[in-house]
Amino acid sequence: MAVGDRPTKRAGEDAAATAAGAATETKAAASQLAPITTGELTAPIVVPNTLWQAVNPLAYDGGRPAEITHLREFGLTDAGRHDDGRWGGLQVIPTQADNILDLIRANSLWPLLSGLACCAFEMMSAATSKNDMDRWGMFPFRASPRQSDVLIVAGTLTTKMAGPLVRLWEEMPEPKWCVALGDCTVSGGRYKRSYSTVQGIDRVMPVDVYIPGCPPRPEGLIYGMMQLGQLVKDQRGHWPEREIGPTVPDKI
Amino acid sequence: MPTRPVRTNSRPKQRPPEQHRSEDDPRIMLDREVSADLYEPIPPYPTRTEREAEFYTIGDGEMFLNLGPQHPATHGVLRLVLKLSGEQIVDVDPVLGYLHRGVEKICENSDYYHVIDQVDPLEYASALFQEWAAVLAFEKLMDVEVPPRAEYIRVLSAELLRISSHTLFMGFLALDMGGLTPILYSFIERDEIVEMLAALTGARMLFNYFRIGGVNGDLNHEFMSRLGDWMSRAAKQTEANTGLLNENEIFVRRARGVGVMDREMALRFGVTGGNLRASGVPFDVRRAHPYSVYPQLDFNVPTRLEGDSLARYLIRMDEVRESIKIIDQCLNNMPDGPVMAKLPRLLRPHPGRAWGAVEGPRGMLGVYAISDGTDQPFRFRIHDPSFMNLEVVPHLLPGNLLADTMAIVSSLDPIMGGIDK
Ligand code: SF4
């Protein structure tokens, strides 16, 4: 079976048929993913988008197989292949102290300053004078992923930007949370028909809060961040039970 | 052959076996066999042009610095690969495409009404101008007469947005040079203007307000009262805001004389808008190729000769003052009447082609539309000023210090949505 492929066989097929199917699929996938040579650079690269799978495969997209996208390079990395526990990969164990520390974290969520497109303007609007997010401890944005707790993905995520963005996410220290701001990041939004966007960032990273809207109002972002704070409080001290996502990729 | 710094996506040959979910029970993980071919490294990206080969050949004492695509001061997802010699920039390779969303293709598969919505997220700081260019091209294509009241409402709302965009520009320019205060003030103005426009159009950023043959909805009470409030203090507030930077010695000394773009260079690269006028060319689409009711309005085209970052900033502040004048005149001259022309539900223009261009906050925003007689444009080409403006960056940066990069790039006011489309 192709690397990272979601199991697409329906129940009821016998084991032999599955094995044979898997063998042919491996071949097909291998030829598809063969290293590109110099002359082939202009040819379109199409591979299955299998970057990250939900805990429950039926939860997203009705359990249908992931669509075809162009994320070839990224698909070859660890993040594209592995499905380790979000915390298990990092060997982080919450202690009793985290029952208290999570309360503190919930009230001081520092976002990463990372704007991708239009929604970033509303994110900045939420952080500046009129809708001052700082009032709820969502401190004005940090420029370094090492210093931030929340990744607010504000704007359209294209396949070209997916690699750098996942890398940012992986550079953030645990515990960390992800907020999908805007229709583009929630589901693809108005670019559902586009050939170059990622149809929802939950295909490449786990998401804790979805804020729909094109763009959402700054109040929407603040509300979403408050919901995130509540989520952190509710789940305090229970990290391993959280949703799982990609491990740290070796090289993107 | 010189090679780029190698980005290996390879992984070690010995790996733990892959896992996949059991089909019967998604909670169970099963190991799977993986073909060894899949672990072959992707070969280093070969250089494709002479220019690329030259750029990625590193000289004595030189180094590469990657600025972006994630950088707090790149206005989105612009990536600049800088070749440095010490602190000095030797060469620049801008890498675009991190926000390519395929809008032109989507537009070609949408009907004419739908296109107006789809072009909004391109020039996202001032979406009405992008709509206007599309609408202008379509109106030429279909020979539609726009009622005068609709034209005035268009000018009014668009000039408001120009003020918002230029005020934001001021804030971002200062932010990129390390000053946090101006952006707090510019967002006060911007939030007030977009709330006002939200009362008029229903949206804060992506308005979808202009229609082929008019606008969607007449002026309403909330918009007018907010506008009245704001206009009463707009001129004074603008002076106060510009005072933050104009009288700031650090800002002026950092911005003066860096990134000088001379007249020839600006014309050669097709730079338009404030960046061109800061280099001494008084070209403004509103005057050079008049559209809408601009010929009946009285405003100046501010021009400066220096062509440096400071001039580009000052030009935009002058334009804010002119826009306030225009809004004043619109409010005084606003005629009565309908705001939409009578049009069929389904538009099928005759085969033909049309070019519509407006003066956006960043320069000439054009749309070239070809109709083949169906209800969808056959070709929909967007000419974005930010792209042309960004083209001069590799010629402005070399010789400057690394710290000046943002003072220069930011003063060109690029918007990545329009550049990458
Ligand atoms: S959701 Fe809308 S506003 Fe946000 S990035 Fe996408 S197109 Fe832009």
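Predicted, not measured: the structure shown is a model, and the values here were computed from it.
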Fill in: Pairwise side-chain contact, A/Pro164 with B/Tyr98, heavy-atom cut-off 4.5 Å (strictly under)
yes
Item to complete: For the pair A/Tyr195 and B/His100, name the ring-plane relationship: parallel under 30°, tilted 30 to 60°, perpendicular over 60°.
Response: tilted
Worksheet item: Which atoms of B/Asp117 come close to chain A, meaning under 4.5 Å heavy atom to heavy atom: side chain ones, backbone ones, both, or neither?
Response: both
Discussion item. Run the side-chain contact (heavy atoms from CB on, under 4.5 Å) test on A/Met124 and B/Phe187 for me, step by step, so that the C-alpha distance in whole Å, both residues' side-chain angles and the decisive distance to 0.1 Å come before the verdict.
Written reply: CA-CA 8 Å; A/Met124 285 181 275; B/Phe187 260 101; 3.6 Å; yes
Worksheet item: Atom CG in A/Leu116, atom CE in B/Met416: separation rounded to 0.5 Å?
Response: 11.5 Å
Worksheet item: Do B/Arg101 and A/Ser194 have side-chain N/O donor and acceptor atoms under 3.5 Å apart?
Response: no
Worksheet entry | Structural part of B/Leu96 lying under 4.5 Å from a heavy atom of chain A | backbone
Worksheet, complete the sentence: Bottom line for A/Asp132: the part with an atom under 4.5 Å from chain B's heavy atoms is neither
Worksheet entry | Part of B/Glu192 lying under 4.5 Å from any heavy atom of chain A | neither
Worksheet item: Under 4.0 Å between a Lys/Arg side-chain N and an Asp/Glu carboxylate O for A/Arg190 and B/Asp120?
Response: no
Item to complete: Using non-hydrogen atoms and a 4.5 Å limit, figure out which bit of B/Val103 sits close to chain A: side chain, backbone, both or neither.
Response: side chain
Response to the item:
d(A/Glu122 CD, B/Asp191 CG) to nearest 0.5 Å is 7.5 Å
Worksheet, complete the sentence: Here the gap from A/Phe121 atom CZ to B/Ser164 atom OG, rounded to the nearest 0.5 Å, amounts to 8.5 Å
Practice prompt. Mind ranking A/Pro145, A/Ser114, A/Ser125, A/Gly115 by heavy-atom pairs under 4.5 Å with chain B and telling me who comes out on top?
Written response: A/Ser125
Item to complete: Please tell me if the side chains of B/Tyr185 and A/Ser129 come closer than 4.5 Å, counting only heavy atoms from C-beta onward.
Response: no
Worksheet, complete the sentence: Cut-off 4.5 Å, heavy atoms of chain B, and the answer for A/Cys184 is neither
Discussion item. Let's test your reading of the structure: which of B/Ile188, B/Leu168, B/Leu206 forms the most heavy-atom pairs below 4.5 Å with chain A?
Written reply: B/Leu206
Fill in: Exercise: identify the closest heavy-atom pair between A/Cys118 and B/Pro121
SG-CB, 3.7 Å
Practice prompt. Would you mind checking if B/Arg204 and A/Glu219 are paired as a salt bridge, meaning a charged N to carboxylate O distance below 4.0 Å?
Written response: no
Worksheet entry | B/Val77 and A/Thr158, any side-chain heavy atoms less than 4.5 Å apart | no
Worksheet item: Step by step, would you call B/Glu195 with A/Arg217 a salt bridge (charged side-chain N to carboxylate O under 4.0 Å, His left out)?
Response: CA-CA 10 Å; B/Glu195 279 300 342; A/Arg217 291 180 63 92; 2.7 Å; yes
Worksheet item: Are there more than 12 heavy atoms of other residues, nucleotides or ligands under 6.0 Å from atom OH of B/Tyr124?
Response: yes
Worksheet item: Which bit of A/Ala120 comes within less than 4.5 Å of chain B, counting heavy atoms only: side chain, backbone, both or neither?
Response: neither
Worksheet entry | Test side-chain contact (heavy atoms from CB on, under 4.5 Å) applied to A/Met161 and B/Asp420, step by step | CA-CA 12 Å; A/Met161 191 59 198; B/Asp420 290 339; over 6 Å; no
